[in-house]
Structure formats: C-alpha cells, structure tokens
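First comes the structure, then the notes that go with it.
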Protein chains: 2
Amino acid sequence: MGRSVPAVMRALDILELFGTKEELSIPEIHAQLGFPRTSVHELVGTLVERSYLTPVPGQPHRFRLGVGAFHLGAAYAERMDLTREGQTVAAEVAAACDETVHVAVLDGSSVVYVAKADSTHPVRMVSAVGRRLPAHCTAVGLMLLAALEDNRLDELFPIGRNLPALTERSIASPEQLRTRLARIRGRGIAEEFCESNEAVACVAAPVADRSGRIVAAMSISVPTMRWSRKRAGELAELVAQGAVSLSTRLGHRG
Amino acid sequence: MGRSVPAVMRALDILELFGTKEELSIPEIHAQLGFPRTSVHELVGTLVERSYLTPVPGQPHRFRLGVGAFHLGAAYAERMDLTREGQTVAAEVAAACDETVHVAVLDGSSVVYVAKADSTHPVRMVSAVGRRLPAHCTAVGLMLLAALEDNRLDELFPIGRNLPALTERSIASPEQLRTRLARIRGRGIAEEFCESNEAVACVAAPVADRSGRIVAAMSISVPTMRWSRKRAGELAELVAQGAVSLSTRLGHRG
DNA sequence: GAATGTCGTTCGAAATACCGAACACTCCGG
DNA sequence: CCGGAGTGTTCGGTATTTCGAACGACATTC
C-alpha cells in the first residue's frame, strides 16, 4: 500500500492525543510521544495555522482541539446516511424501550459510536458519540466482528496474543472470541453481560446497507438491575426490528 | 511562529477537499490540488492507514472521509461546553420563536456553525452544523467580527481588497464592513437582511465565556416572508436573552 | 542575586522523504 | 487482437525537511 508519510503520522498522533487530554503544552506532547522537541514545535505550529489546534485563551503555550477538527468530523457525519438515519431510528427504539440505544461502526479492532439516543435525555447528541471502545468487549463490536471473514479476524486478533479487558468478564483470549463469534453468527444477535461495564448488559443486531454488507450495528444497553432472561428476549426482538428499519432506510431490501 | 510542515499542510488540504466533494479518486485529487501524483498516493495511503479516509466499498480506488475524521470532530464537540450547552439553549430559543436558531464561532474570516435547532425538526443534529460561511455575509459573523480589535480586522480584511459575496446585498468592501461593524458595536446586536441568502433575514447576539471574552454568537434566521420591523425587534430581544443564557451556562457572570 | 532548570526560538548540517522516470496493468476503441 | 490512454506501483537521486546544538528568556531555588 505504498509508503507512509512520517510527518503526517506524527501530526495525527498529536491530534489524537487530544482525544485523551483536553489541554496540552508542547513539552507535554514531547514527553508523551517522544518526538524531538523542535519537530513538535513545527508540527503544532502547522496544526495551529490550520486551526486544528488553538492556543487556549490567555495561555498562548497550551493548546486545545480547534474548529478545524470539528469541521472535518461534521463533514463526515453529514455525508454518512448512517449518522443521520441512525440518530432517528435510535430515538424511536429508545422511546419504545426506555433504555439507551447506540449505533456504531467498526474501525480496525475498535468500535466508534456514531449515534446515540437516551430515553430520558432525548437530545443528548454529542456525548459518547465519537468515542472508541475495544470491539471484543461490546455487543455492537462482537456483532460487527461476527460479520468479518476469518482471515481478517486472524489479522486483528492473532492467536496467542491475549486481549485488553474492560471488566473481569471481558473476553480474554482469541480462542474464546472465536467460539463466541460462532454462536453469534448462528443467532444473528449479540448479547453481552457486564463485559464492557460492570453494571450494564447489552443486545445488538446488525445493520446492512444497499449492497447487503454489514456496515454498522445497533444496540440497547440496560443496567443489570433491569435485566432478566425475559427482558433480554424482548429487547433482542426490538433491536433486531430497529436494525432492520435502519437497514431499510439505507437502501437494503430484505 | 516557526516553520510549517509541508507534508501535513498537504494532508490537510486533501482532507478538506472532501468537505466539498463526497468521493474522490487519486487522479482527481492530483488534478484539484496539483500535488505530484506519487505524493498524493503516499499521502492518501497514510490517511487511509489511519482511517481518516476509507476506500468506498466495491471501488477500492475511490475514497471518502473515514471515521477517524468523525472521531476527532466528536472529541472537539465533547470538550467544548459551547457545543453541548449551545445545543440545549438553541433548542429552547427555537421552541420559543418557532424559527431556526444557530450558534457559531469565528475561524479566521469565516464562521463555523457548532449547534443548530429547528423548531419543526427538533433533533436535526448533524445537518448544517460544521459548515463554514464567510463571516462578513452572516449576522453571527458580523457580531463576532465586531468583537475583534481593529488591527486584527486589518489583517483579515485589508483595505482595498473587496470581499466575496453570497448575494447581491452582501457587504462588498472593507470600508462598508467597518461602518457596519461600528453600528453593530453600538447596538450590541447584529441584523442582516438577505445578505447570506436571498430569502432569509437574521438577528444575532454575542456569547461570552467565563473570562468575558466573546467566543461565539447566537442567531435566529427568518424567511423574509415572516420578517417585519416589529418582529425583528421581538426576535432581537429573544436572541439576546438566549445569548445571555448561554453565556451564563459557560460561566459568564453578568 | 547568582545559579539552575525549563522552555521557546533560531539555524545549518545530515538524513530522509519527495518526486520523476520507468514499468505494469487495465480498459477502450478500432 | 492490437495500440494508446489512464492509472497503480516501484525505486533511487536529490532537494527538502528534520533535529541537535546553541542561545536567550523566564521562573524557581538557595
């Protein structure tokens, strides 16, 4: 796939650092990433010039993400039917079950949430949306991984390397992951109990686009206190309907 | 401000190209930006590797914005109190007047919308948000420009160079802009009639943060058919209240 | 107030990323 | 079936960028 451009890689590393820390100074970036001091100066200077970073008002040597970043993100969201339609359908499903609903896509071995609806806060737009989580710890992630070919899975989760965990119950080994995915493929629904969060369970269903490819997954998250075998079945049904509805809006014909 | 890093500049140029065109191939990017063919290959390869671009499914040589872009934008939105609170207050104001409400910030000589509420479509989240318009053509833009120091204005709009227009009524010359801004400073409210759009008028008020700096502006847009001297006064009052409410949420004390 | 450490900024030699040339492949029209 | 245009891919010399060293500004400590 050609060679990669180191300067761009570094610039993106810097930008992505601001996904974890709100404000950073140049020495801090230097310490975190290990790039030469002067190079960090030049890179940050360039990013500021293009307003992907901005000095925080009153402290000209500390930086934050700038509107440039927002502009790009919004352009993506506007293009993607998925974010528009996903938001609408998520809100419907959230209203029907009174629980939190997410829509997410796969990026490498992590999931990125692109839409969210919470029954009690109907317009909770920019909260967790955009956040990244390890795919193998979430129901949406498992659903999306189940749709991949085996050789792609081997690339992402090579046998032998064990996986980062979010809770005690998170899937720990590639072998475990594979047997789990097999079961999910059989059922067409992914379920997860306290694997991404101590107190939350989750059901997810696959979303397909015009071409029939699985491009996203939709999930319902429930605090364990409201979770039961019976409820799980109802919610699975509901999220499956939601996923079909969203697929249809994306041009998929059943 | 140090030197800038050409490779990063080019990478950003490429990304921003996707703000105008939804899908692009490498030859198209080459034609648009004039960078050497092989360089475009390397840059795009790098951006794809980091998932700021993705090949469109089925057409491995055409590209779209990827989730990486979205991730960054969402991180910005999440950090900025302005986007969160702005969305909430905009919705309130929209409900009160039954018109479209925007919140925008200044980036160079353009404005970027960071929140929007439309009375008829309460959750219209990712529509025009993130879009960029020339500041001197919009009410929000004029309001924000009015808050700048004169020397900054001289940099952005040097005397003699005339300005791009969106409609026949758009401000055309720097001189005109300056007299207009003086009037806006006097009143504390910006008004605009068919200067950004043939059929729309607009009132805007300034939003300040904790430190008292003007960081954004809020506007109400009205189709000219519903516009009148009397209504303008009412809406100006309303948007001023909204702006104060938002300022307060950002920690500004009156 | 001298001494020490941190950090922003400048500058030029050394390293390396960039880009042109050449090749390979696909798609068309003849 | 052939030829040409358009595009993806490879590779190496050289123009460019990178990064260390040096300096100055500022803060902090003794």
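Computed from a prediction, not measured in an experiment: that's the story for all the values here. Proteins get letters first, then strands, A, B, ... in listed order; numbering begins at 1 in each. Heavy atoms only: backbone and side chains are in, while hydrogens, waters and symmetry mates are out.
Contacts of residues 25-36 of chain B with DNA chain C (heavy atom under 4.0 Å): Pro36(B).
Between Ser39(B) and the phosphate of dC18(C), there is no side-chain N or O to OP1/OP2 separation shorter than 4.0 Å. For the pair Arg10(A) and dA17(C), the criterion of a side-chain N or O lying under 4.0 Å from OP1 or OP2 is not met.
In terms of position along DNA chain C, the nucleotide closest to Thr38(A) lies nearer the 5' end than the nucleotide closest to the other residue of the pair Thr38(A) and Pro6(A).
The residues Asp107(B) and Arg50(A) are annotated as not salt-bridged, no charged nitrogen and carboxylate oxygen being separated by less than 4.0 angstrom. Between Asp13(B) and Arg10(B) there is no salt bridge, since none of the side-chain N atoms of the basic residue sits less than 4.0 Å from a carboxylate O of the acidic one. Salt-bridge check for Arg178(B) with Asp154(B): passed, with a basic side-chain N closer than 4.0 Å to an acidic carboxylate O. Looking at Glu149(B) and Arg152(B), no side-chain N of the basic residue comes within less than 4.0 Å of a carboxylate O on the acidic one, giving no salt bridge. Between Lys21(B) and Glu28(B) there is no salt bridge, since no side-chain N of the basic residue sits under 4.0 Å from a carboxylate O of the acidic one.
Across the protein-nucleic acid pair, Met9(B) atom CE and dT16(D) atom P stand 16 Å apart, rounded to whole Å. Taking atom CZ of residue Phe63(A) and atom P of nucleotide dC7(C), one finds them 13 Å apart after rounding to whole Å.
Under 3.5 Å, the side chain of Arg3(A) and the base of dG12(D) form at least one donor-acceptor pair of N or O atoms. Side-chain atoms of Arg37(B) and base atoms of dG20(C) include no donor and acceptor less than 3.5 Å apart.
Of the candidate nucleotides dG8(D), dC19(C), dC19(D), dC19(C) has the atom nearest to the side chain of Glu42(B). When distances run from any side-chain atom of His41(B) to the nucleotides dG8(D), dG8(C), dG20(D), the shortest one goes to dG8(D).
Ring pair Phe157(A)/His136(A) is perpendicular by interplanar angle, where above 60° counts as perpendicular and below 30° as parallel.
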